[in-house]
Amino acid sequence: KVAWTKAFRKTRGKEMAVDSTFEFEKRRSRPVKYDRNLMGQTIQAMQKVKQIQTAREVRHFEARMKDASVEKKKQARVEIEKSIDLLAPVVANREQVMRNVVDSARARIAARKKTAVKQSVSKIVHMG
């Protein structure tokens with residue numbers, strides 16, 4: 001149950017713990033007289049801070065996952081080496097299928113050439 005808390009995630013480096021944008025989120029207890037211009041500037045500043053914060057979160061996540069992709073590839077390679085006996089028949093079957101496809105394509109091309117030659121010969125005979 002503890003693993004889902006913010007404190008746990010921050011201590012394990014899964015979320016940003018130190019960032020200057022967190023200072024803006026702190027509640028200010030001082031009441032301020034309403035000013036339309038100040039309110040507009042505040043809202044624009046809040047939007048800008050949110051953009052900066054999301055960009056930093058994305059960078060933080062990508063930095064964390066950079067090493068994970070290498071580890072994932074290693075694990076996949078180990079898994080393939082373990083179960084190569086399952087994959088070998090599939091690969092052999094795929095090669096046979098590819099050979100059949102190539103042979104049938106060559107046969108179709110040869111048949112087209114024969115019909116094209118016959119048509120050109122018949123045109124020449126009818127003309128002459």
Side-chain angles (χ1 to χ4, degrees):
K1 289 186 177 183
V2 180
W4 295 98
T5 61
K6 283 277 193 186
F8 176 85
R9 292 182 60 79
K10 284 182 181 178
T11 57
R12 297 297 191 278
K14 296 185 183 301
E15 288 193 22
M16 291 192 308
V18 179
D19 191 18
S20 60
T21 58
F22 295 145
E23 289 295 316
F24 293 108
E25 293 180 4
K26 290 184 179 176
R27 179 174 271 197
R28 309 286 193 257
S29 60
R30 216 170 31 131
V32 178
K33 184 177 179 184
Y34 177 76
D35 180 12
R36 184 179 178 150
N37 294 333
L38 179 64
M39 193 61 85
Q41 289 174 348
T42 304
I43 291 173
Q44 286 179 345
M46 288 168 57
Q47 291 171 346
K48 184 69 173 173
V49 166
K50 189 66 177 171
Q51 286 177 346
I52 292 169
Q53 193 173 16
T54 54
R56 288 179 181 177
E57 285 174 358
V58 167
R59 281 197 306 266
H60 176 72
F61 179 79
E62 287 173 352
R64 274 183 49 227
M65 293 298 128
K66 183 173 55 176
D67 298 332
S69 66
V70 173
E71 187 62 30
K72 195 179 268 187
K73 284 181 184 177
K74 268 188 206 173
Q75 289 175 350
R77 189 168 285 125
V78 167
E79 186 68 28
I80 289 172
E81 288 172 1
K82 275 186 191 176
S83 57
I84 193 71
D85 54 327
L86 296 174
L87 294 175
V90 174
V91 172
N93 190 21
R94 186 183 333 151
E95 290 174 2
Q96 182 61 36
V97 168
M98 288 301 291
R99 273 192 235 113
N100 290 345
V101 167
V102 169
D103 290 343
S104 64
R106 285 183 182 151
R108 282 196 310 265
I109 291 170
R112 283 186 199 146
K113 284 184 181 178
K114 284 182 183 179
T115 57
V117 168
K118 285 181 182 178
Q119 288 176 353
S120 63
V121 168
S122 64
K123 284 181 183 177
I124 293 172
V125 170
H126 289 296
M127 287 182 180

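None of these values were measured; they are calculated from a predicted model.
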Working to the nearest 0.5 angstrom, can you tell me the gap between His60 NE2 and Glu57 CD?
9.0 Å

Kindly indicate whether the side chain of Arg106, heavy atoms from C-beta on, has any atom under 4.5 Å from the side chain of Val102.
yes

Between Val101 and Ile109, is there a shared hydrophobic cluster once you connect ILVMFWY residues whose side-chain heavy atoms come closer than 4.5 Å?
no

Please round to the nearest 0.5 Å and tell me the distance separating atom NZ of Lys82 and atom CD1 of Ile80.
12.5 Å

Can you tell me if CZ on Phe61 sees more than 12 non-hydrogen neighbours from other groups inside 6.0 Å?
no

Quick one: are Glu81 and Arg77 in side-chain contact, heavy atoms under 4.5 Å?
yes

Going from CG on Asp103 to CZ on Arg99, what distance comes out if it is rounded to the nearest 0.5 angstrom?
9.0 Å

